[in-house]
Asker: 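Here it is, the structure in full.
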Amino acid sequence: MESLESKTRFCSVALLLLLISLLLWSQLPSSSAQQQHEPNPTIRTMEDFSGYPIHEPGQFGSMNLASSLSVDAPGLQKQIEELSSFSDAPSPSVTRVLYTDKDVSARRYVKNLMTLAGLSVREDAVGNIFGKWDGSEPSLPAVATGSHIDAIPYSGKYDGVVGVLGAIEAINVLKRSGFKPKRSLEIIMFTSEEPTRFGISCLGSRLLAGSKELAEALKTTVVDGQNVSFIEAAKSAGYAEDEHFSSVFLKKGCYFAFIELHIEQGPILEDEGLDIGVVTAIAAPASLKVEFEGNGGHAGTVLMPYRNDAGLAAAELALAVEKHVLESESIDTVGTVGILELHPGAINSIPSKSHLEIDTRDIDEARRNTVIKKIQESANTIARKRKVKLTEFKIVNQDPPALSDKLVIKKMAEASTELNLSHKMMISRAYHDSLFMARISPMGMIFIPCYKGYSHKPEEYSSPEDMSNGVKVLSLTLAKLSLD
């Protein structure tokens with residue numbers, strides 16, 4: 001018995017000495033060509049002995065990394081529920097408007113999660129929040145990901161939020177796997193993707209992309225519906241101390257790539273039973289403000305032939321929007337009159353003023369611009385016919401479409417395949433912060449299914465499984481691009 005134990009101890013010591021000698025030998029200088037093409041002999045010996053693959057940190061093959069990714073789905077769902085509690089509307093609705101007390105509390109929650117994930121956190125002058133994981137070569141342009149957490153009134157829990165909390169979880173997933181990035185990885189929580197308070201969509205990402213016009217307007221003319229200036233609101237939330245919004249601008253090429261994880265906000269993936277949408281392009285959005293002014297008067301005493309009804313002018317223009325969109329004969333052209341307000345707004349008073357806000361978008365910029373031109377021509381024709389004044393026709397924004405980068409598309413598709421997830425190439429007909437990040441960085445988007453395509457309403461929902469799939473694809477894509 002003692003002889004067997006002695007032999008066992010001798011073999012163990014001999015094996016230990018062998019491994020130590022191999023480890024020391026592996027540290028000896030060798031040519032770069034050998035290092036590139038020959039496996040580390042220590043690692044090879046240990047793999048042969050144990051029967052399991054052994055990876056050096058940061059040296060995963062993507063297929064091996066794919067098999068090691070593990071998402072904390074219950075934890076992610078719990079965070080989504082907790083973040084939804086920072087709301088000015090009762091559950092299950094979410095209302096979280098820029099720079100309100102609930103928005104500030106939600107920001108604090110996100111910054112805390114970033115810190116717990118070991119990220120270095122900073123904010124800029126308008127409240128874009130950045131969390132960075134430094135890579136082994138931090139001087140290289142980083143790979144970024146992120147989305148937004150503001151929510152229009154009485155909306156859902158998942159729009160934007162999946163792309164912020166999911167990005168933090170993606171970093172945690174990579175850390176748990178033992179992955180070490182070469183390029184730094186950075187999460188961005190964008191300020192005010194929704195136009196709810198100041199009528200400006202993607203405010204934070206527009207500034208990051210270098211919009212000088214917006215930077216100037218925020219200092220001088222932008223106010224909310226309560227006539228609170230942007231400067232005043234930002235300062236109440238702890239931002240805009242020096243009012244130099246040009247400090248927010250990022251240089252083109254500052255990021256090697258930007259990827260946004262998002263719910264589809266449409267029914268295609270769910271209807272087709274697919275796991276992932278790889279976005280190839282984002283449609284071009286435009287916003288219009290139109291106002292008519294008539295004479296008004298008593299609803300009973302002013303006879304029909306003598307009326308100059310601003311309300312009917314607005315109604316006719318709303319129908320003209322639909323007509324011109326359908327005339328394009330493209331399924332990709334859409335138009336919406338989302339706001340129509342009448343003054344004075346009494347049942348027994350002929351409207352003396354009307355105000356419309358129109359959204360039109362298309363993946364084809366020229367076709368969308370043709371629709372805008374036709375809407376303007378109709379507004380002028382309606383004003384003349386109804387003898388009212390067209391007091392305003394303003395193009396608030398007229399943004400070009402954005403194409404996803406070919407390399408980013410390739411990496412997202414590869415990641416989906418390696419994770420055994422079904423996917424298809426898709427177009428995003430909703431705008432996102434990615435539309436503006438594409439102006440300074442190669443861009444891509446990952447879509448996941450959402451229940452019946454619902455979004456911007458309390459019924460908005462994405463399952464833990466679908467979110468986990470999205471986080472895995474995001475994690476693997478970030479890893480691939482980080483090592484590129």
Asker: Do Lys424 and Leu269 have side chains that get closer than 4.5 Å, going by heavy atoms?
Answerer: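 They are in contact (side-chain heavy atoms under 4.5 Å apart), so the answer is yes.
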Asker: Answer yes or no: is there a side-chain heavy-atom contact under 4.5 Å between Phe256 and Asp484?
Answerer: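 They are in contact (side-chain heavy atoms under 4.5 Å apart), so the answer is yes.
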Asker: Without swapping roles, check the side chain of Ser416 against the backbone of Met412 for a donor-acceptor pair under 3.5 Å.
Answerer: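 Yes; at least one donor-acceptor contact below 3.5 Å.
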Asker: Could you report the tightest heavy-atom contact between Ser229 and Val223, atom names first, then the distance?
Answerer: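 Taking Ser229 first and Val223 second, the nearest heavy atoms are CA-CG1, 3.9 Å.
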Asker: Counting N and O atoms only, with roles assigned by atom type, does the side chain of Asp362 sit under 3.5 Å from a partner on the main chain of Glu365, one being a donor and the other an acceptor?
Answerer: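 Not at all, since once roles are kept as given, no pair shorter than 3.5 Å links the two residues.
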Asker: Answer yes or no: does atom CG of Asp271 have more than 12 heavy-atom neighbours from other residues, nucleotides or ligands under 6.0 Å?
Answerer: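 Yes, CG of Asp271 has more than 12 neighbouring heavy atoms, counting only those of other groups under 6.0 Å.
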Asker: Using the ring centroid of each side chain, check whether Tyr239 and Phe245 are separated by less than 6.0 Å.
Answerer: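 Not under 6.0 Å, so no.
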Asker: Are side-chain heavy atoms of Thr280 and Met426 found at a separation under 4.5 Å?
Answerer: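 Side-chain contact under 4.5 Å: no.
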Asker: To the nearest 0.5 Å, tell me how far Thr191 OG1 sits from Ile200 CD1.
Answerer: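 Rounded to the nearest 0.5 Å, the OG1-CD1 separation comes out at 12.5 Å.
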Asker: Could you tell me whether Leu116 atom CG has more than 12 heavy atoms of other residues or ligands within 6.0 Å of it?
Answerer: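 Yes, CG of Leu116 has more than 12 neighbouring heavy atoms, counting only those of other groups under 6.0 Å.
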Asker: Indicate the atoms forming the closest heavy-atom contact of Ser87 with Val94, along with that distance.
Answerer: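 Scanning both residues completely, I find the closest heavy atoms to be OG-CA, 3.4 Å.
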Asker: Could you check whether Arg176 and Ser475, counting side-chain N and O atoms only, form a donor-acceptor pair closer than 3.5 Å?
Answerer: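 Result is no, nothing qualifies.
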Asker: Answer yes if the side chains of Asp466 and Ser463 hold a donor-acceptor pair under 3.5 Å, and no otherwise.
Answerer: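 Per modelled atom types, Asp466 and Ser463 side chains form a pair under 3.5 Å.
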Asker: Looking at side-chain heavy atoms only, is the closest gap between Val337 and Glu357 below 4.5 Å?
Answerer: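 Not in contact.
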Asker: Is the closest basic N to carboxylate O distance between Glu81 and Lys157 below 4.0 Å?
Answerer: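 A salt bridge links Glu81 with Lys157.
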Asker: Is there a donor in the side chain of Gln79 and an acceptor in the side chain of Tyr109, or the other way round, less than 3.5 Å apart?
Answerer: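 No donor-acceptor contact under 3.5 Å links the two side chains.
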Asker: Taking atom types as modelled, find out whether Asp433 and Ser205 have a side-chain donor-acceptor pair closer than 3.5 angstrom.
Answerer: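 Result is yes, a qualifying pair exists.
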Asker: Could you walk me through whether Ser330 and Arg367 pass side-chain hydrogen bond (donor to acceptor under 3.5 Å, both in side chains), step by step?
Answerer: CA-CA 9 Å; Ser330 170; Arg367 191 166 57 209; 3.1 Å; yes
Asker: Quick one: do the Glu260 and His148 side chains pair a donor with an acceptor below 3.5 Å?
Answerer: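 No, His148 and Glu260 have no side-chain donor paired with an acceptor closer than 3.5 Å.
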Asker: Within the structure provided, determine whether Leu140 and Lys182 are in side-chain contact (heavy-atom separation under 4.5 Å).
Answerer: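 Side chain of Leu140 against side chain of Lys182, heavy atoms only: contact under 4.5 Å found.
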Asker: If we ignore hydrogens and angles and just use 3.5 Å, is the side chain of Glu264 paired with the main-chain N or O of Gly453 as donor and acceptor?
Answerer: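 Looks like no, no N/O pair under 3.5 Å.
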Asker: Please check if the side chain of Ser211 supplies one atom and the backbone of Leu207 the other of a donor-acceptor pair under 3.5 Å.
Answerer: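 Side chain of Ser211 to backbone of Leu207: no pair is present.
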Asker: Under the side chain to side chain contact (heavy atoms under 4.5 Å, CB included) rule, what do Ile149 and Val110 come out as? Steps first, then yes or no, please.
Answerer: CA-CA 9 Å; Ile149 64 164; Val110 170; 4.1 Å; yes
Asker: Under a 4.0 Å N-O cut-off, is there an ion pair linking Lys374 with Glu327?
Answerer: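 Between Glu327 and Lys374 there is a salt bridge, with a charged N closer than 4.0 Å to a carboxylate O.
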Asker: If every non-hydrogen atom of Ala117 is compared with every non-hydrogen atom of Lys175, which pair is closest and at what distance?
Answerer: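 In this case the closest contact between Ala117 and Lys175 is O-NZ, 2.6 Å.
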Asker: Rounded to the nearest 0.5 Å, how far apart are CD of Glu169 and CG of Leu174?
Answerer: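 Between atom CD of Glu169 and atom CG of Leu174 there are 10.0 Å.
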Asker: Does Tyr454 have Lys452 sitting over its ring (NZ/CZ under 6.0 Å from centre, angle to axis within 45°)?
Answerer: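 No.
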Asker: Does a side-chain N-to-carboxylate-O contact under 4.0 Å join Lys480 and Glu414?
Answerer: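 So Lys480 pairs with Glu414 through a salt bridge.
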Asker: Compare all side-chain heavy atoms of Val473 with those of Thr477 and state whether any distance is below 4.5 angstrom.
Answerer: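 They are in contact (side-chain heavy atoms under 4.5 Å apart), so the answer is yes.
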Asker: Let me see the working for Ile448 and Ile276 under side chain to side chain contact (heavy atoms under 4.5 Å, CB included), right down to the final yes or no.
Answerer: CA-CA 5 Å; Ile448 59 172; Ile276 297 293; 4.1 Å; yes
Asker: Suppose the criterion is salt bridge (Lys or Arg N to Asp or Glu O under 4.0 Å): which pairs have a residue in residues 108-122, not counting sequence neighbours?
Answerer: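 Found Lys111-Glu123.
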Asker: For the side chain of Ser422 and the backbone of Leu274, is there at least one donor-acceptor N/O pair under 3.5 Å apart?
Answerer: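 No; judged by distance alone, with no hydrogens or angles, the pair does not exist.
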Asker: Please find the pair of heavy atoms, one from Asn397 and one from Pro285, that lie closest to each other, and give the distance.
Answerer: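 Result for this residue pair: ND2-O, 3.7 Å.
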Asker: Does the side chain of Glu270 come under 3.5 Å of the side chain of Tyr451 through a donor N or O and an acceptor N or O?
Answerer: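 There is no such pair (donor and acceptor under 3.5 Å, judged by atom type) between the side chains of Glu270 and Tyr451.
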Asker: Is it the case that over 12 heavy atoms from other parts of the model lie below 6.0 angstrom from the NZ atom of Lys373?
Answerer: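 For Lys373, atom NZ is not crowded (no more than 12 foreign heavy atoms under 6.0 Å).
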Asker: From Ile80 CD1 over to Leu165 CG, what is the distance, rounded to the nearest 0.5 angstrom?
Answerer: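 The distance works out to 6.0 Å.
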Asker: Parallel, tilted or perpendicular: which one describes the rings of Tyr461 and Tyr158, with boundaries at 30° and 60°?
Answerer: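 Ring orientation, 0 to 90° scale: perpendicular.
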Asker: Closest heavy-atom contact between Phe436 and Ala209?
Answerer: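 Smallest heavy-atom distance, with atoms named: O-CB, 3.5 Å.
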Asker: With rounding to the nearest 0.5 angstrom, report the OG1 to CD1 distance, Thr145 to Ile168.
Answerer: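 Output value for this atom pair is 10.5 Å.
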Asker: Under 4.0 Å between a side-chain nitrogen and a carboxylate oxygen: does that hold for Arg368 and Asp364?
Answerer: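 Between Asp364 and Arg368 there is no salt bridge, as every charged N stays at least 4.0 Å from the carboxylate O atoms.
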Asker: Answer yes if the side chains of His324 and Ser328 hold a donor-acceptor pair under 3.5 Å, and no otherwise.
Answerer: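 No.
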Asker: If we count only N and O atoms by modelled type, under 3.5 Å, do the side chains of Thr336 and Asp359 hold a donor and an acceptor together?
Answerer: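 Looking only at side-chain atoms, Asp359 and Thr336 do not form any donor-acceptor pair under 3.5 Å.
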Asker: Is it true that Arg197 and Asp150 have a side-chain N and a carboxylate O under 4.0 angstrom from each other?
Answerer: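 Result for this pair is no, no salt bridge flagged.
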Asker: Considering non-hydrogen atoms only, spot the tightest contact between Val408 and Gly444 and give its length.
Answerer: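 In this case the closest contact between Val408 and Gly444 is CG1-CA, 3.7 Å.
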Asker: Checking Ser201 against Tyr431 for the side chain to side chain contact (heavy atoms under 4.5 Å, CB included) test, could you report, in this order, the C-alpha distance in whole Å, the side-chain angles of both residues, the deciding distance, and whether it holds?
Answerer: CA-CA 9 Å; Ser201 61; Tyr431 64 74; 2.9 Å; yes
Asker: Are side-chain heavy atoms of Ser177 and Leu65 found at a separation under 4.5 Å?
Answerer: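 In short, these two side chains touch, coming nearer than 4.5 Å.
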Asker: Begin with the C-alpha distance, continue with both residues' side-chain angles, and end with the deciding distance and a verdict on side chain to side chain contact (heavy atoms under 4.5 Å, CB included) for Met437 and Tyr255.
Answerer: CA-CA 10 Å; Met437 290 302 289; Tyr255 290 120; 4.0 Å; yes
Asker: Between OG of Ser155 and CZ of Arg96, what distance do you get to the nearest 0.5 Å?
Answerer: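 Interatomic distance, Ser155 OG to Arg96 CZ, rounded to 0.5 Å: 8.0 Å.
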Asker: Is a side-chain donor or acceptor of Ser441 paired with a backbone partner of Met443 at a separation under 3.5 angstrom?
Answerer: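 No.
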Asker: So, taking the atom named CZ in Arg361 and the one named CG in Asp332, what distance separates them when rounded to the nearest 0.5 Å?
Answerer: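 Going from CZ on Arg361 over to CG on Asp332, the span is 12.5 Å.
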Asker: Are Ile152 and His456 packed together at the side-chain level, in the sense that at least one heavy-atom pair is separated by less than 4.5 angstrom?
Answerer: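 They are in contact (side-chain heavy atoms under 4.5 Å apart), so the answer is yes.
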Asker: Any salt bridge linking Glu216 with Lys212? Criterion: basic side-chain nitrogen under 4.0 Å from a carboxylate oxygen.
Answerer: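 Judged by the 4.0 Å cut-off on N to carboxylate O distance, Glu216 and Lys212 do not form a salt bridge.
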